[in-house]
Amino acid sequence: MFKKILIANRGEIACRVMQTARAMGVGTVAVYSDADAGAKHVAMADEAVRIGPPAPAQSYLRGDAIIDAARATGAQAIHPGYGFLSENPEFVEAVEAAGLVFIGPSAGAIRAMGLKDAAKKLMAAAGVPVVPGYHGEDQEPGHLKVEAAAVGYPVLIKAVAGGGGKGMRRVDVPGEFMNALEAARAEALGAFGNDAVLIEKYVEEPRHIEVQVFGDGTHAVHLYERDCSLQRRHQKVIEEAPAPGMTAEIRAAMGQAGVRAAEAIGYEGAGTVEFIVDGSTGLRPDGFWFMEMNTRLQVEHPVTEAVTGVDLVEWQLRVASGEPLPMTQAEIPLKGHAFEARLYAEDVPKGFLPATGTLTHLAFAPGARVDSGVRAGDTISPHYDPMIAKLITHGATRAEALVRMERALAETQVAGLVTNLAFLRKLAAHRGFAAGDVDTGLIDRDVEMLSAEPVPCTRTRALAALGALGLHQGVPGIAPGFALWAPVEHVAQFSWKGEQSAARVSVTGPHDYEVVLEDGRHQLASKGGTWLMDGAKTSAHVVRNGAVVSVFFGNGYHFDLADPLDEGGEGSAGGNLIEAPMPGLVKAVFARAGQAVVKGDRLAVLEAMKMEHVLVAARDCTVAEVLVSAGAQVEAGAALIRLEPDPEAAEATEDAA
Ligand code: MV4
């Protein structure tokens, strides 16, 4: 066994590998870019070496710097994780030329699986079912069109050097073929520098079922299958093992096909044989075909670990150091069911836009395995994949594992940046998914419902009101402002996505509050660190970070506390309008047109929520126009007073233009 290994990766996979290495008594060396100097994987490692600036091309893709770091620290082997250099045959050769061990397959095996046409030929020769189609040398468009007709429409044009759907086009009728071919080739050339394509019969209602394999260079075993059909634009979202609807017969057939694929190329280490499966009439022993082989440990490997009890990284270290396969096929158990959900910093309602920011709060509930490369306080940077964590749950049955996943997601708390957590929760609760009807089109069919932004309910906003007043800690002892002789009333103001809210909060006991909103009234009580809402115990939790109150109640909701009286409306320093921060009655107007006022001068009084709010000037200025009179009822945002423009702000705007 190795004494020390270098992990040539970052984030959760680097931490994951280090965790097993440490458990095996193997020393660990991290590499990091300047953006990761304070990262979790650096903190976890026994040693760490800077390899360059944030850009991957100047850091995590710099094989020479990584090999130098291994040599400098005396690491005997390099674990590539996934992505980056994990499937780069030249890197494997350079590692081996440096006298180090690459923890993974040979350069030859990686090359053999790198091009789809060659891979399919190899697989067919090994008796692995491949999708009917054409994967020959002749790339003349007219010939390809003839081949497509021979396959029978609909067909898929795929880039030979492709993956993940890039350079792929479905063609339903002959008339579309030439345009689709041109588009696929252009995309393939741009993405892979190789515009060769192959043609495949389109498999209806495709499911993505992959088999985990592990080889020692001669023999291989499989560790059953994973269903990764829940994808969006070829990005996996929730994976599971075993696959819903799988029978022992089909499992054996797919597992043996995976083993044949691995042994056909003398595969060493952890690998995944991906199959496209016809989901249109349920799984069939003759309804799956080789799609591609991933010659690395995959993101979703934990679901296989959960149902087999195998630590795949431990197997990687053992086999790479020369030990035999740790188990025979017959010894590998399959117990229960597991799910993995990928928690990402992404703005789902905005089309799953990757997000960045600082994690001001990050908490996971017990009951799920959490693989994460970040901690509260860390930043999700724009340089790398915005994954926050993978949540993995296991149960004796699929239903049990799914309930645990739903609970784990509901109790995950993230603040400081936008995440796909609400989307994951909706997906986990999706009726079709819960029934096991998974196919690669599920998300796209329901993406509108799945990606809609959840709106905070009145109970969530009532908790936000307590947070706004600093009453959310629910610490034992007397709540601030509680007076035995009379309940004290406060007005809380906050906004959600720019929508102003106000609430009247009465302290009705040492840990008890009544919160009155425009659209609801709730009794809240803090008991032993949990919140009771209208008498019912909840798992709600409130945190405040500066001017943001985050309420975790099912989903996470984040409220801004900027006080509209000082900053919200146009009346703020650079603005020219004093607006009503909430609906109410104009109680008094002190301002007069032409009047010179200084910052802090009272301009008007608004009565709202049975309280009087004084509206003041946010800067020295002249009143241009008074737009309302005392006695007027106004809506939130109504313009009450117009100020002369701020010459400084106007000048700054001109400069910026
Ligand atoms: C297919 C297919 C249907 N028929 N091949 C998508 C990317 C790459 N992994 C191969 N993919 C597909 N290949 C044939 N002959 C449907 C897909 C496909 C898909 C496959 C797995 C998971 C998600 C998918 C989403 C769209 C299309």
Side-chain angles (χ1 to χ4, degrees), residues 82-83 87 113-117 119-120 123-124 128-135 144 147-148 150-172 176-177 180-181 183-184 187-188 191-192 197-211 225-241 243-245 254 257-258 261 271-281 283-284 286-296 298-300 340 342 352 427 432-433 437-447 450:
Y82 48 65
E87 296 185 287
M113 291 295 107
L115 294 176
K116 281 186 169 34
D117 53 349
K120 285 183 75 169
M123 292 301 109
V128 175
V130 296
V131 181
Y134 170 78
H135 41 265
L144 291 172
E147 292 291 352
V151 169
Y153 288 93
V155 298
L156 257 183
I157 301 171
K158 284 184 178 177
V160 160
K166 275 214 176 86
M168 190 175 83
R169 293 291 185 280
R170 172 175 167 161
V171 188
D172 291 301
E176 298 167 351
F177 186 85
L181 174 63
E187 191 171 296
F192 314 111
V197 298
L198 54 84
I199 312 282
E200 286 185 352
K201 178 71 183 163
Y202 185 78
V203 173
E204 298 297 342
E205 291 182 40
R207 284 179 61 181
H208 171 137
I209 298 179
E210 58 188 35
V211 173
E225 80 281 357
R226 294 185 288 261
D227 190 311
C228 305
S229 301
L230 277 197
Q231 304 188 7
R232 180 186 172 273
R233 291 189 186 162
H234 307 294
Q235 297 299 318
K236 297 166 185 169
V237 179
I238 293 183
E239 306 102 338
E240 64 181 293
M254 293 186 79
T272 297
V273 182
E274 287 187 14
F275 294 97
I276 191 83
V277 180
D278 179 345
S280 60
T281 58
L283 301 184
R284 308 186 316 269
D286 63 345
F288 66 89
W289 299 272
F290 173 81
M291 196 150 66
E292 55 196 80
M293 182 173 184
N294 299 315
T295 53
R296 66 180 186 277
Q298 298 214 209
V299 172
E300 60 269 24
E340 176 187 84
R342 301 187 185 199
F352 295 81
L427 198 46
F433 176 62
D437 304 335
V438 289
D439 72 87
T440 56
L442 184 149
I443 291 178
D444 284 347
R445 285 194 300 274
D446 295 337
V447 69
L450 293 168

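All figures in this text were calculated on a predicted structure; none of them were measured in a lab. Any value given below was found using the heavy atoms of this structure, including those in side chains, with hydrogens, waters and symmetry copies removed. As the structure lists them, so they are numbered: ligands from 1, and atoms in each ligand from 1.
- One N or O on the side chain of Glu87 and one on the backbone of Thr295 form a donor-acceptor pair closer than 3.5 Å.
- Considering both main-chain and side-chain atoms, Glu274 never comes within under 3.5 Å of ligand 1 through any nitrogen or oxygen pair.
- Near Pro206, with a cut-off below 4.0 Å to any heavy atom, the atoms of ligand 1 are 16 (C).
- From the protein, the heavy atom lying nearest to atom 20 (C) of ligand 1 is Ile276 CD1, 3.5 Å.
- Asp444 and Arg232 get closest at one heavy-atom pair: OD1-CG, 4.4 Å.
- The nearest protein atom to atom 19 (C) of ligand 1, hydrogens excluded, is given as Thr440 CG2, 4.0 Å; this is a heavy-atom distance.
- Counting the atoms of ligand 1 from 1 in the order shown, those under 4.0 Å from a heavy atom of His208 are 21 (C), 22 (C).
- The side-chain hydrogen bond (donor to acceptor under 3.5 Å, both in side chains) check on Thr272 picks up Arg226, Gln298, with sequence neighbours excluded.
- Listed for the Ser229 side chain is a donor-acceptor partner under 3.5 Å among the backbone atoms of His208.
- Taken from OG in Ser280 to CG in Asp439, the straight-line distance is 10.5 Å, to the nearest 0.5 Å.
- Those atoms of ligand 1 with a heavy atom of Lys201 less than 4.0 angstrom away are 4 (N), 14 (C), 15 (N).
- Atoms of ligand 1 lying under 4.0 Å from any heavy atom of Glu292, numbered from 1 in the order shown and given with element: 9 (N).
- The shortest N/O to N/O separation between Glu200 and ligand 1 falls below 3.5 Å.
- With values rounded to the nearest 0.5 angstrom, Glu292 atom CD is found 12.0 Å from Met123 atom CE.
- Atoms CD and SG, from Glu340 and Cys228 in turn, are 8.5 Å apart once rounded to the nearest 0.5 Å.
- Of all protein heavy atoms, the one closest to atom 10 (C) of ligand 1 is Met291 SD, 3.4 Å.
- With hydrogens left out, the protein atom closest to atom 4 (N) of ligand 1 is Val203 N, 2.9 Å, a heavy atom.
- Looking only at protein heavy atoms, the nearest one to atom 25 (C) of ligand 1 is His234 CE1, 3.4 Å.
- Below 4.0 Å from some heavy atom of Gln231 lie the following atoms of ligand 1, by number and element: 22 (C), 23 (C).
- Lys201 places a side-chain N or O within donor-acceptor distance of the main-chain N or O of Gly152, the cut-off being under 3.5 Å.
- Contacts classified as side-chain hydrogen bond (donor to acceptor under 3.5 Å, both in side chains) and involving residues 150-171 (residues at least two apart or in different chains) are given here: Lys158-Glu200, Arg169-Glu187, Arg170-Asp172.
- Nearest to atom 7 (C) of ligand 1 among the protein's heavy atoms is Gly165 N, 3.4 Å.
- Atom 2 (C) of ligand 1 has its closest protein heavy atom at Leu156 CD1, 3.3 Å.
- The minimum heavy-atom distance linking Ile209 with Ala243 is given by the pair CD1-CB, 3.8 Å.
- Within the listing of ligand 1, atoms 15 (N) sit less than 4.0 angstrom from a heavy atom of Val131.
- Here the protein heavy atom with the shortest distance to atom 13 (N) of ligand 1 is Lys158 NZ, 3.1 Å.
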